[in-house]
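Residue numbering restarts at 1 for every chain, and letters A, B, ... go by the order of the sequence lines.
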Amino acid sequence: MEMRTVTLADGADLAGFRRAVRLLIGGDVPPEAVVWSPGEAPDLFAGEGTQEGRPIALPRAVGDLVRLVVCHRDPERYALLYDLVWRVTHGERHLLEVMSDPLVHRLHGLRKAIGRDLHKMHAFVRFRRLVDDAGNERFFAWFEPDHFIVEETADFFVDRFRSMDWTIVTPVGSLHWDRENLAVGPAGRREDVPADDAFEAGWRTYYENIFNPARLNTRAMRAEMPKKYWKNMPETASLSGMIENAPSRVRDMIEREASVPAKRNPTKAVAAMDEQEPKTLEELNRIIAASEPLVPGATQAVLGEGPTGASLAFVGEQPGDQEDMQGRPFVGPAGQLLNRALAEAGIERGQTYMTNAVKHFKYEQRGKRRIHQKPTTSEIKHYRWWLMKELDFVRPQLTVALGATAAHALAGKQMAVGRNRGFIDFDGRSGYLTVHPSYLLRLPDEAAKEAAWRDFVGDLKRIGERAGVAA
Amino acid sequence: MDEKLRKKLGVLADAAKYDASCASSAAPKRSGGAKGLGSTTGAGICHAYTPDGRCVSLLKILLTNYCLFDCAYCINRRSSNVERARFSVDEVVTLTIEFYKRNYIEGLFLSSGIIKSPDYTMEQMMLVAKKLRKDHGFAGYIHLKTIPEASPWLIEQAGMWADRLSINMELPSRESLKQLAPEKNGATIETAMGQMHERITEAREEKRRFSPAGQSTQMIVGADATTDTAILTTSADLYGRHKLKRVYYSAFSPIPESSAILPLKSPPMQRENRLYQADWLLRYYGFSVGEIAEGGTDGMLDLEIDPKFAWALKNRARFPVDVNTGEREMLLRVPGLGARTVDRIIAARRHTRLRYDDVARISAGMRRAKAFLITADYHPRHLTDSLGLRKAIVPQPTQMSLF
């Protein structure tokens, strides 16, 4: 049998291995006829020059395994991987699923070691900040991984610290990020990294204090944070003291008698706690105005408007496009229609309180237009707490629900407008249910519009009489 | 770093260490991009370990340890003489950002003593999270310990910024709560958890952001007389009814300034460990609380052996199981076989008949498993019913030498 020797670069030579595998599989060369010789001359496939073979289709899991295992220091890694590729392409396509197979078991062990090495690097790298003369900051770290994982780890650090300039130096290579590009550089030394950082003392303080001396278990600590990492982790400088003092700290705690409680008498403070809810409408409105809309997008919260103590309160659905921009309820087309209807019914708008069940505009952007979207049941529910408080401050004699959403919010349950139109009890509040003025705007033909308008004005007249505000 | 701030950090980290959870998992994968800071990977990372063997993943601090409540088991109760401190919202934001930039942490776990009112306190905590997200584009993990007495709108707002919200059960029974935490109310806590579950479910359906990594809770073990079975019944109920992501068990540990109505000694750490194992059996292995209880005595778990092994010893008639044909549910009940190992066995047996050595390569737990399973070339025979089975597994205490 003719033996073939494959020479690969030092470290994790994925490209070289891939090129070799394509040629070997293409040439039907069995694993026992290949000698893998990593780390000698860079990237030479002896005898074949820079010839390229055809790509080989492999299950995704095999590709992922290869990418990781080439990072391992085990000199046999390439031979083991080629063995795997050979078997997968010669009748054992699902070989990786057979964890009981000695080869798969061995490779899995190597992959696990790489996974652990990557994980520890993600976890234990410690950056130190350095500001140059021009005032630009850059973060530096020195780390000593077990395997050739530096490039494999780059995505993680770029993803996490994309907005910072940073450099990670290791004995097997370095990474440099300038907020746009990643550069892979040569190995470096610990001295390439600053010796201290302004926040390290604080971090050590945190580390010392988050430890519970009553639960000393150094074996568990060492299993997860082996000693070899300690020299590059600033907090571990505190370890010996923490461990030594732990038993005596616990003894002290137990021996110390239960001390006499401090003299503070909290009765008043505890009582005051029960009165945490907003005391005035202004206070409530401050809270609503400062809150974030449940669904992002609204310009501002649209608060209720009108005198407290008004005998009539109107509750709409939610602010629309115009209301959202002006920050006032019922100022858009539906609001103007409502104004006309109120005037015809002899009700002065300024004497009434106007608000909405939901305080933020929700919409879908279509081109330049913002198309109103109906609030969901849970949105109505979340805003309900505020609406109830608001009406408690205003204390109207009659609360008018304009449309189904308002009725839902006031009653705490869904309610059809058609069947319940008229005077109604909203969860203990005397109310009246009618249509939302935007309903009138949506009616297609003039005759229907005319009839609906008459009904709506009729509703308002009844409302005005009951509340005693009709002119 | 400012010396005054460092001192406060010492006090407010010390005050937070009795909270067991430090998990940074289950958040949706995301990254802060070109302007923001940070990322979440889904799995969470432990950035250091302290000598108690615990993982340091998040900056776990209290906003303040001043507190109006007087919960006997808590070091921060108003009647304790412990040193007090209070962070401003901006100080917590600065610490989180600066620690994160140095790769010390995955994010923030913020809790607080209750000052002024539950609403005031909750609002301050919510503002920390809001500032981190809005002003700093912070994409790391945020866990807020919510205050069950706070108004609903505050919980709602907090859930928009946090990855996880939690409410502590504190004690596994209402009676103990009444006795040891006079200002707390078991019903309020349970209602708050129920509402939290509702909100999380609704938001998920409507694709709104609200505590995407779910809710968790913590119970203190050993400060009262509640049995393990009663604790696990509470947990099973929380997992079932409110879909909690995790229930944490915290072995009561003696605290400085201890209250006179508490036991002075901590319960064996092993009890906490066994509870976590039992909790795992509830969630991933198809066990019921009743079955787990069979392995123990008088409502307490066996401290010497793990609960799955304890159950198997009492149910030997159901073993041995054939690894090549056994149902997944039954393989999961074999001591020594974890859920991942079982899945690997099932994947491998589609392609090959498993022999003893094959299973030994997949599983590291054969010492315990071998009495309970059959392979193509192996049968445990009398081993399954052997009286010495327990003794063979339990570590024998070494004789003390007297002289």
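- Here the closest non-hydrogen pair linking A:Ile210 and B:Val56 is CG2-CG2, 4.4 Å.
- Although no hydrogens or angles enter the test, the distance criterion places no donor-acceptor pair under 3.5 Å between the side chain of A:Arg162 and the main chain of B:Gly33.
- Between the CD atom of B:Glu202 and the CD atom of A:Glu379 there is a distance of 9.5 Å, given to the nearest 0.5 Å.
- Contacts of A:Tyr207 with chain B are made by both backbone and side-chain atoms, with heavy-atom separations under 4.5 Å.
- With contacts defined as side-chain heavy-atom distances shorter than 4.5 Å, the pair A:Leu294/B:Phe210 does not qualify.
- No side-chain donor from either of A:Thr376 and B:Arg208 sits under 3.5 Å from a side-chain acceptor of the other.
- Annotation for B:Lys35: atom NZ does not count as buried by contact number, only 12 or fewer foreign heavy atoms lying within 6.0 Å.
- Atom CZ of B:Arg361 sits about 13.5 Å away from atom NE2 of A:His108, to the nearest 0.5 Å.
- The neighbour count for A:Glu137 CD, taken as heavy atoms of other residues, nucleotides or ligands under 6.0 Å away, is above 12.
- For the pair A:Glu292 and B:Arg209, the salt-bridge criterion is not met [side-chain N within less than 4.0 Å of a carboxylate O].
- Looking only at side-chain heavy atoms (C-beta outward), A:Glu224 and B:Cys46 stay at 4.5 Å or farther from each other.
- A donor-acceptor pair is defined here as one N or O able to donate and one able to accept, closer than 3.5 Å; no such pair exists between the side chain of B:Asp52 and the backbone of A:Pro213.
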